S.K.: 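Please find one structure pasted underneath; my questions will follow.
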Amino acid sequence: MTEPADHILLLAGTREARLLAKKLVETFPDVRITASFAGAVDNLPDLGVPTRVGGFGGVAGLTDYLVNEKVTLLVDATHPFAAQMSGNAVFAARSLNLPLIRLERPAWTPESGDLWQSVVSLGEAADALPAQARAFLAIGRKDLHRFTHRTDIFALARMIEPPELPLPGHWQLVLGRPPLSASEEIALFRKHRITHVVAKNSGGRRSHAKIEAARQLGLPVIMVDRPKLAETELATSVEDALRKINLEIVSDF
Ligand code: NAP
């Protein structure tokens, strides 16, 4: 059997990556597709394509992988805050002159009634919380350590998997994915008498309920801006990515 001419490496870890993998299989049945996960969470979703798990070993490791596996197109559908992986993808693709498409959902923008304070980093977000605040932290487990010195506040931290470090004794942990409805978030915020919401500007619908809940309750949101990433071709939706991938695959012949 001859090997397919094209091999797409899809850097995954988001809902969009999952949707895109499904569309890619349907649209390009003759193309080899490999999805890649960091392995940060235990229960990885089935993307319906062969999958590899774990870091590549920086730019050099990724470059080796791309060469050894004869990758012809790199698609970065990682989270907008996965800046290290996205940066590595740009540098590896540039060094090999390989096409790279980054699928990046649009950032949230404030609406009437939103009380946002934009900050450029999680460290700045931690500094922005006033003493005695009752903060809801929706920032993931990896970055929790940037807040744990703030023992003068209460925090309710929500994440999918437990943190590696212990939380200050009076803080509370909620394990699980965010609910889709603002009413569930409102109930949670009321129960814990939350006064501030800290969020990364992830964009998308999946984790937007907390922002709507904050608006409805008149709570300030400390919104962490996205990291600046090296420039590459951008797609803003799964459909847009599919169109751009189609152009790359067709122009191969
Ligand atoms: P990161 O800081 O940009 O990446 C750290 C390292 O993890 C990378 O240098 C790479 O290791 C490895 N890595 C990351 N994504 C990978 C992938 N898809 N396949 C193989 N290796 C990967 O990323 P992060 O913020 O820790 O996020 C890790 C994963 O969780 C990402 O895939 C992202 O899409 C997902 N995620 C992140 C967030 C968030 O808020 N950061 C939220 C939801 C989902 P090597 O250098 O060894 O190659």
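Just so you know, ligand 1 is whichever comes first in the structure, and atom 1 is the first atom listed for that ligand. Since we're looking at a predicted model, the values are computed, not measured.
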S.K.: Assess whether atom CZ of Arg94 is packed by more than 12 heavy atoms of other residues, nucleotides or ligands within 6.0 Å.
M.R.: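 Yes.
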S.K.: Near Glu26 CD, under 6.0 Å, is it more than 12 heavy atoms from other residues, nucleotides or ligands?
M.R.: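 Yes.
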S.K.: If you draw a 6.0 Å radius around CZ in Arg15, do more than 12 non-hydrogen atoms from other residues or ligands fall strictly inside?
M.R.: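 Check fails, neighbour count at 12 or below.
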S.K.: For residues Glu184 and Ser181, is any side-chain donor paired with an opposing acceptor at under 3.5 Å?
M.R.: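 A pair is found: one side chain offers a donor N or O, the other an acceptor, under 3.5 Å apart.
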S.K.: Quick one: is the NZ or CZ of Arg193 closer than 6.0 Å to the six-membered ring centre of Phe154, and within 45° of its axis?
M.R.: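 No, Arg193 and Phe154 do not form such a contact.
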S.K.: Using a strict cut-off of under 4.0 Å between a residue heavy atom and any atom of ligand 1, list the qualifying protein residues by chain and number.
M.R.: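 Residues within 4.0 Å of ligand 1: Ala12, Gly13, Ser36, Phe37, Ala38, Arg52, Gly54, Gly55, Phe56, Gly57, Gly58, Thr78, His79, Phe81, Ala82, Ala83, Gln84, Met85, Asn88, Lys142, Lys200.
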S.K.: Tell me, please, which residues at least two apart from Glu185 pass salt bridge (Lys or Arg N to Asp or Glu O under 4.0 Å).
M.R.: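 Result, salt bridge (Lys or Arg N to Asp or Glu O under 4.0 Å) vs Glu185: Arg158.
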